[in-house]
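Bear in mind the structure is a predicted one, so any value in this text is a computation, not a measurement. Naming convention: chains lettered A, B, ... in sequence-line order (proteins, then strands); numbering from 1 in each chain.
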Amino acid sequence: MTTLAPNPLAEGLRDYRVAEPCLMVIFGATGDLSGRKLLPALYNLAKQRLLPAGFAVIGAAIDDLTDDSFRKRAAEKITEFSRTQPIDKQVLDSFLSSCFYSRVDFGRLDDFKALQRRLGELDTSRHVAGNRIFYCATPPPTYETIVEQVKGAAMVAREGFHRIVIEKPFGSDLKSARELTQVLQRVFQEDQVYRIDHYLGKETVQNIVAFRFANSIFEPVWNANLVDHVQITVAEEIGVEGRGAYYDKAGALRDIVQNHALQLLALVAMEPPLAFEANTMRDEKVKVLRAIRPIVGDEVERSTVRGQYTKGWVLGEQVPPYREEKNVAPGSLTETFAALRLFVDNWRWANVPFYIRAGKRMPKRVTEIRIEFKRPPHLTFGREATKELDPNALTLRIQPEEGISLKFGAKVPSAGLRIRSVTMDFQYMTTFLVETPEAYERLLLDCMIGDPTLFTRADEVEAAWKLIDPIEAAWRDGHPSLAMYPAGTWGPPAAVKLLQQDGREWHRP
Amino acid sequence: MAPAVNATIKPDPDVVWSAADVSMAAVLEALDNLRKQFAVAEAQDAEHPHPRSCVMTLIALTSTDAEERRATRAARAIGKLHPAQLVVIRDQPDLRPGRIDAAIITDTHRPDASCCPIQCELVLLHVKGAAGEHLASLVDPLLQSGVPTYLWWVGTPPFGKRELADALRICDALVLDSARFEAPYRSLLELSRLGSSSHQRLGLADMQWARLEPWRETVAQFFAPADRRVLMNGITEVGVDYVGEGRGNRVAAALLIGWLSSALGWKLQKAAGGGGGIVAAHFSASDGWRPVQVAFRSVPKAQLAQGEVSAIRVAGAAGGRTFQLTVLRDPERPPRPGPDIGAGGYQSQHPAGGEDDAGLELAQRRATWHRDVLNGSRESLHHTATGDAPGESVSPPAVFVRERRRADNSLVLLTLIDIGGATLRHVQRVEPEDEAALLLRVLSFGTHDNVYERSLTAAAELMQAI
């Protein structure tokens with residue numbers, strides 16, 4: 001593959017991240033994801049002048065719509081869900097004029113052939129040089145059919161780039177993840193496959209990398225010599241919110257831990273990549289995931305906790321138990337809370353536990369990573385003076401109050417000597433009061449540009465499933481038993497014990 | 001371009017401290033006290049006040065009431081978004097006796113219910129007499145350690161004068177707006193000389209350059225696809241339409257051509273200006289033999305300010321294909337009913353005689369004469385009006401305020417692409433921006449811009465050749 005020389009006219013343009021013109025086919029364009037996320041994100045990219053001339057969206061779904069009725073529907077969704085309000089009519093009209101619709105029954109090859117003809121016409125009229133993105137905004141079971149039909153209609157045989165975007169879950173275990181990869185690779189090479197984990201598109205997640213590798217003062221302490229342990233919390237106050245049917249099959253381990261939580265762990269634990277570039281970044285993340293000590297056999301009982309919420313109070317409102325949520329089996333044993341103790345078996349992190357907890361119906365929505373440091377080796381000031389002193393801790397808050405806080409000891413002003421913990425807070429909100437782009441905007445643009453850095457590669461997915469599968473298997477066998485916790489609490493008592501037995505405790509976010 | 005941010009602050013500032021004829025030590029003490037009071041009040045039961053953060057020191061230097069108002073408003077808006085040490089200086093060298101009058105303005109806000117309140121302070125200094133010529137000694141105690149210091153010269157900097165050199169000693173970057181320069185032609189040449197002669201560390205940021213970014217982006221986007229890169233080597237014609245006549249109004253157009261020529265390695269061969277604002281320039285492309293014709297033309301556009309670019313066309317042929325890119329500003333926008341005249345706006349007591357520099361100079365001479373007459377009788381007029389003793393300083397009357405920017409500056413860019421087939425239309429909208437947004441943009445993205453500096457040099461060369 002030859003590398004294109006940089007565009008000399010783009011040099012010095014500050015926000016210049018412009019894709020080549022392309023056609024984006026959204027399969028399932030009349031569905032929820034498309035209406036809530038994709039179309040509003042594309043509109044906002046247009047508003048920021050980040051869509052190139054010639055770019056077009058081709059909605060493909062089973063509904064009988066015309067271009068005009070699809071545009072009308074798109075306008076309604078964008079108006080309702082766009083993060084920027086009020087809607088700019090000029091931008092919207094211009095964006096809608098580049099939206100088209102083709103009725104496609106995924107089971108009918110003829111529909112795909114008709115779609116292909118439409119794409120061919122648009123290729124010429126919009127000077128897009130055959131560049132295409134196929135976005136599967138559809139349930140995972142449809143991916144295989146779509147890929148086969150795309151191949152059957154010869155939609156990737158022409159010139160230009162061709163990429164496919166799929167949404168998580170990427171399989172439900174290692175076997176199904178591998179099967180999915182094989183299905184995709186019948187038509188697309190791995191570098192043409194964009195697996196979206198929208199968490200990675202969040203500004204604050206990307207900032208973990210910036211924080212670690214754009215500063216020189218943290219890396220020297222970022223290792224087993226000084227770090228006591230790491231806590232990763234991904235808590236939601238909401239329940240399953242209409243996703244009962246899916247969630248009851250997935251559970252917290254597969255829905256959150258396998259992807260979001262392990263991705264956060266990988267970003268915190270990885271070695272410095274050579275560059276913020278797709279392959280080097282993902283290589284380093286894979287190394288971490290592969291270095292995580294497998295939890296198998298009796299270790300599952302000792303190092304994992306699974307819980308399910310019962311009725312309780314969240315944010316001042318009484319909420320029903322999980323088993324009474326819509327589309328959830330009355331006797332469901334699916335976990336809504338998962339906690340793990342992991343070890344990354346490499347030189348940097350030898351014997352440093354990484355505690356992960358993820359759950360629904362917790363007291364509040366919070367995602368944070370806390371790096372707790374070891375206590376000083378010698379109590380210079382004596383036990384009495386330092387009895388209120390906690391270990392140093394660095395907290396990276398991902399949401400909702402994005403920021404970084406460092407906890408350290410300071411002398412209390414007085415004649416005597418008393419040292420207590422203080423925090424030094426950095427809040428994005430009060431430092432850079434700028435509108436943060438929606439994760440989908442970033443990720444859609446990255447896909448158009450051809451930058452897969454923030455997308456998950458097949459080997460990352462597989463490494464994560466390799467870790468999760470034995471835990472999942474043990475849980476299915478009832479080890480450990482499902483622990484119940486009232487909604488509005490930080491999980492079952494077993495989660496507290498998981499840390500207590502190591503002489504530690506969960507940080508209260 | 002960033003959307004307007006001025007609207008984020010309340011129009012009337014809270015002046016929490018002020019004093020006449022003060023020392024800088026007194027100003028610093030007052031600032032310190034205000035910060036302590038806020039920290040204690042804000043902490044309340046929490047015991048630990050939240051630490052302050054600061055990303056820069058921003059010093060705005062103004063010489064008129066209108067500039068001071070603009071600078072204060074923009075600085076406050078910026079302080080709300082990026083915590084900063086903010087200083088606005090009103091330099092009044094002609095007023096005697098020399099002294100410093102100071103005020104501190106605070107804006108308190110809470111970005112989010114979950115965040116702690118933040119107080120931004122702005123120090124306003126009215127410097128009368130000679131102290132303003134020694135800016136470095138004046139503001140040095142106010143500079144925040146460890147963060148960059150930006151000097152925003154709100155009007156036209158005194159190029160070549162000692163006070164500019166003195167001011168540049170304490171700052172990391174000079175920020176200005178070449179679209180607002182008086183005598184823009186000469187000032188641009190001076191700016192170019194400053195850019196090439198100043199020390200390496202000094203950044204130079206021009207808000208006019210940031211304003212041109214949508215044009216540059218649109219042209220760069222056209223050549224972004226791999227199969228169109230070859231077209232860059234086939235450019236034979238470039239046309240720029242601008243508003244107004246006279247060489248002073250060609251600065252933005254020249255910067256765009258300077259950008260293209262320096263990026264693509266074109267060498268200026270000759271240039272000439274004709275009647276009606278037409279300019280023709282001949283470049284040779286980097287391959288040495290292909291000529292590139294550049295033409296400027298003045299096209300009246302009632303809704304645009306003098307000097308603004310209204311269209312750019314790039315055409316040529318390469319690889320067996322002809323192409324034409326046309327970017328038009330506000331193609332369907334209705335003309336505005338009339339000029340904005342208001343506080344700090346354009347007061348046409350002295351007809352400018354067109355926007356040509358010669359006309360401007362005549363108008364300026366008339367304005368200067370008018371001002372001299374007023375200044376000559378100022379003391380007695382002031383005494384008659386107020387009963388104050390003669391010698392009490394008063395602000396000089398503003399008799400000639402020229403406003404090149406318009407409040408309603410949103411724009412729509414219509415791009416027409418023709419590559420040997422059907423013409424593709426692409427509409428982009430650039431949200432209205434204000435001075436604070438532009439300033440924040442140039443400060444956020446860094447002020448060391450090699451592309452600007454080389455474009456400025458090339459633009460100055462072209463302007464001189466015309």
Could you state the interatomic distance from OG (A:Ser97) to NE2 (B:His426), rounded to the nearest 0.5 Å? 9.5 Å

Could you check if a side-chain atom of A:Leu9 sits within less than 4.5 angstrom of a side-chain atom of B:Phe222, using non-hydrogen atoms only? no

Heavy-atom check, side chain of A:Pro8 versus side chain of B:Leu264, under 4.5 Å: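 They are in side-chain contact.
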
For A:Glu159, does the CD atom sit with more than 12 other heavy atoms under 6.0 Å from it, leaving out its own atoms? no

How far apart are the C-alpha atoms of B:Met232 and A:Asn7, what are their side-chain angles, what is the distance that settles it, and do they pass the side chain to side chain contact (heavy atoms under 4.5 Å, CB included) test? CA-CA 9 Å; B:Met232 261 189 294; A:Asn7 178 355; 3.8 Å; yes

At their closest point, which heavy atom of [X] faces which heavy atom of [Y], and how far apart are they?
| X | Y | value |
| --- | --- | --- |
| B:Gln221 | A:Leu51 | OE1-O, 4.3 Å |
| A:Ala129 | B:Asp227 | CB-OD2, 4.1 Å |
| A:Pro21 | B:Pro225 | CD-CG, 3.3 Å |

Looking only at side-chain N and O atoms, does A:Gln90 offer a donor or acceptor that is under 3.5 Å from a partner on B:Arg429?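 Short answer, yes.
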
Report the C-alpha separation of A:Arg49 and B:Glu213 in whole Å, then their side-chain angles, then the decisive distance to 0.1 Å, and conclude whether the side chain to side chain contact (heavy atoms under 4.5 Å, CB included) test is met. CA-CA 11 Å; A:Arg49 306 192 312 280; B:Glu213 201 159 295; 5.6 Å; no

Would A:Glu11 and B:Arg454 satisfy salt bridge (Lys or Arg N to Asp or Glu O under 4.0 Å), going step by step from the backbone distance to the final call? CA-CA 12 Å; A:Glu11 191 189 347; B:Arg454 74 176 191 222; 3.2 Å; yes

A:Glu20 and B:Arg228: side chain to side chain contact (heavy atoms under 4.5 Å, CB included), yes or no, with the steps? CA-CA 10 Å; A:Glu20 293 193 22; B:Arg228 293 189 207 157; over 6 Å; no

